[in-house]
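Numbering of residues begins at 1 and proceeds along the displayed sequence.
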Amino acid sequence: MPRRMPPLAAEVQRRVKESLALAKAADLTLTESHRHANLRAHWSVTRVEILYEIAYLRLFVQWELFLEAVLLRYLCGYITVSGIPQPVTGVTLFPSIAAAENALLAGKTYLLWHNPQGVVARAKKYLTNSMYEQVLASNDARLMTFADLRHRITHGQKDARRKFDIATMAIAGRRYRGARPGRFLRDWDSTSTPPRRWLEVVGDEISRLA
């Protein structure tokens with residue numbers, strides 16, 4: 001009997017909330033540091049921005065884990081809200097998550113999950129027009145900008161800085177001095193009511209996609 005997909009999206013939402021709480025705690029501590037000399041010496045906007053970057057890395061890692069976990073279960077025929085995934089002609093769904101994982105790895109030690117086009121291509125090898133494919137394909141440009149934000153936190157090369165600038169132009173309509181991810185993530189989206197930090201905006205969007 002087909003198994004039901006576990007509440008993996010709920011785990012993404014929980015992790016996003018944890019990341020937002022970390023960033024909020026950093027902001028509150030910075031505010032309090034102005035009133036306490038022993039805190040003032042240890043807290044600055046720059047350090048808070050670094051915590052925003054850590055918070056973003058945590059939620060993006062959870063998004064990648066989610067993509068992997070969902071696809072593995074799709075390949076085992078788990079029931080979802082859209083029904084049971086249909087395999088490509090000639091493909092047989094796998095009897096276990098371990099078997100599906102071994103097939104995806106194909107001898108490799110790991111797979112990358114940040115690029116939506118690559119993940120869609122991976123899914124299409126086994127599944128026909130799945131909801132998984134539809135959601136990722138229809139949001140691939142947006143998801144790639146989120147991946148470029150992540151890459152700038154972990155990489156300092158010119159290419160990472162350039163793609164970060166392109167990403168913030170696409171999301172916020174501006175570049176940020178020094179191509180600093182924390183500065184962008186802590187900035188405000190003034191078009192939302194009430195205004196929200198960009199970390200919250202991106203986190204909420206990832207939660208909705210999950």
Side-chain angles (χ1 to χ4, degrees), residues 9-36 39-67 113-117 119 134-210:
E11 180 64 13
V12 173
Q13 292 159 6
R14 186 176 73 83
R15 294 292 186 177
V16 167
K17 288 180 180 178
E18 286 181 354
S19 294
L20 297 179
L22 172 63
K24 184 176 181 180
D27 280 319
L28 289 173
T29 305
L30 180 62
T31 299
E32 285 296 313
S33 72
H34 298 309
R35 296 197 287 269
H36 301 279
L39 284 177
R40 269 200 306 272
H42 300 285
W43 281 93
S44 65
V45 170
T46 298
R47 289 183 178 178
V48 172
E49 289 175 352
I50 291 171
L51 283 174
Y52 266 75
E53 293 176 7
I54 293 172
Y56 184 76
L57 282 180
R58 284 175 59 87
L59 71 86
F60 195 85
V61 165
Q62 191 60 44
W63 169 247
E64 291 180 308
L65 290 173
F66 169 79
L67 292 179
W113 296 89
H114 68 277
N115 187 323
Q117 293 182 355
V119 176
Q134 293 174 38
V135 172
L136 292 180
S138 60
N139 292 278
D140 64 342
R142 187 73 167 175
L143 287 169
M144 200 62 228
T145 63
F146 295 164
D148 288 337
L149 298 178
R150 178 264 184 207
H151 294 339
R152 177 64 188 100
I153 296 172
T154 56
H155 300 290
Q157 296 96 334
K158 185 184 295 184
D159 182 66
R161 294 167 64 93
R162 179 182 64 82
K163 288 179 179 176
F164 172 78
D165 285 340
I166 294 172
T168 61
M169 283 296 297
I171 298 171
R174 56 164 293 193
R175 295 181 176 86
Y176 287 80
R177 182 164 56 87
R180 287 167 53 179
R183 181 167 290 174
F184 158 71
L185 293 166
R186 192 169 177 262
D187 196 11
W188 296 95
D189 174 12
S190 59
T191 65
S192 65
T193 305
R196 298 185 298 166
R197 307 275 193 187
W198 281 113
L199 175 65
E200 182 179 0
V201 173
V202 175
D204 284 353
E205 190 166 343
I206 286 176
S207 291
R208 288 196 302 273
L209 288 173

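- Note: D187 CG to R180 CZ = 12.0 Å, rounded to the nearest 0.5 Å.
- A donor-acceptor contact shorter than 3.5 Å is absent between the side chain of S19 and the backbone of Y56.
- For V135 against N139, the heavy-atom pair with the smallest separation is O-ND2, 2.8 Å.
- Within the structure, salt bridge (Lys or Arg N to Asp or Glu O under 4.0 Å) contacts touching residues 21-30 (residues at least two apart or in different chains) are D27-R186, D27-R197.
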Full working for salt bridge (charged side-chain N to carboxylate O under 4.0 Å, His left out) between R162 and D159: CA-CA 5 Å; R162 179 182 64 82; D159 182 66; 2.9 Å; yes

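- Evaluation of the salt bridge (Lys or Arg N to Asp or Glu O under 4.0 Å) rule for E32 yields R35 as partners, not counting sequence neighbours.
- Rounding to the nearest 0.5 angstrom, the gap separating the CD1 atom in I54 from the CG atom in L185 is 12.0 Å.
- With sequence neighbours excluded, no residue forms a side chain to side chain donor-acceptor pair (under 3.5 Å) with S190.
- Interatomic distance, F60 CZ to L65 CG, rounded to the nearest 0.5 Å: 11.0 Å.
- In this structure, CZ on R183 lies 15.5 Å from CZ on R175, to the nearest 0.5 angstrom.
- Remark: F66 CZ to L59 CG distance equals 13.5 Å, nearest 0.5 Å.
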Could you list the donor-acceptor pairs under 3.5 angstrom formed by side chains in residues 146-153, with sequence neighbours left out?
from : atom 1 : to   : atom 2 : distance (Å)
R150 : NH1    : T154 : OG1    : 3.3
R152 : NE     : A179 : O      : 2.9
R152 : NH1    : H155 : O      : 3.0
R152 : NH2    : A179 : O      : 3.4

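- Within the 3.5 Å criterion, the main-chain N or O of V12 finds no donor-acceptor partner in the side chain of Q62.
- Legend: salt bridge (Lys or Arg N to Asp or Glu O under 4.0 Å) pairs involving residues 201-210, not counting sequence neighbours, sorted by first then second residue: R142-E205, R196-D204.
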Audit row: R174, T168, side chain to side chain contact (heavy atoms under 4.5 Å, CB included) steps and yes/no: CA-CA 6 Å; R174 56 164 293 193; T168 61; 5.9 Å; no

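- Between G156 and R161, the closest heavy-atom pair is O-CD, 3.8 Å.
- Listed here is the closest heavy atom pair of P116 and D140: CG-O, 3.4 Å.
- Annotation: the span from W113 atom CH2 to L67 atom CG amounts to 7.0 Å, rounded to 0.5 Å.
- Between L209 and W63, some side-chain heavy-atom pair lies under the 4.5 Å cut-off.
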From CA spacing to verdict: side chain to side chain contact (heavy atoms under 4.5 Å, CB included), L51, R47: CA-CA 6 Å; L51 283 174; R47 289 183 178 178; over 6 Å; no

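- Proximity of V201 to I171: side-chain heavy atoms (C-beta onward) are nowhere separated by under 4.5 Å.
- More than 12 non-hydrogen atoms from other residues, nucleotides or ligands lie less than 6.0 angstrom from CD of Q134.
- Applying the side chain to side chain donor-acceptor pair (under 3.5 Å) criterion to E64, with sequence neighbours excluded, gives no partner residue.
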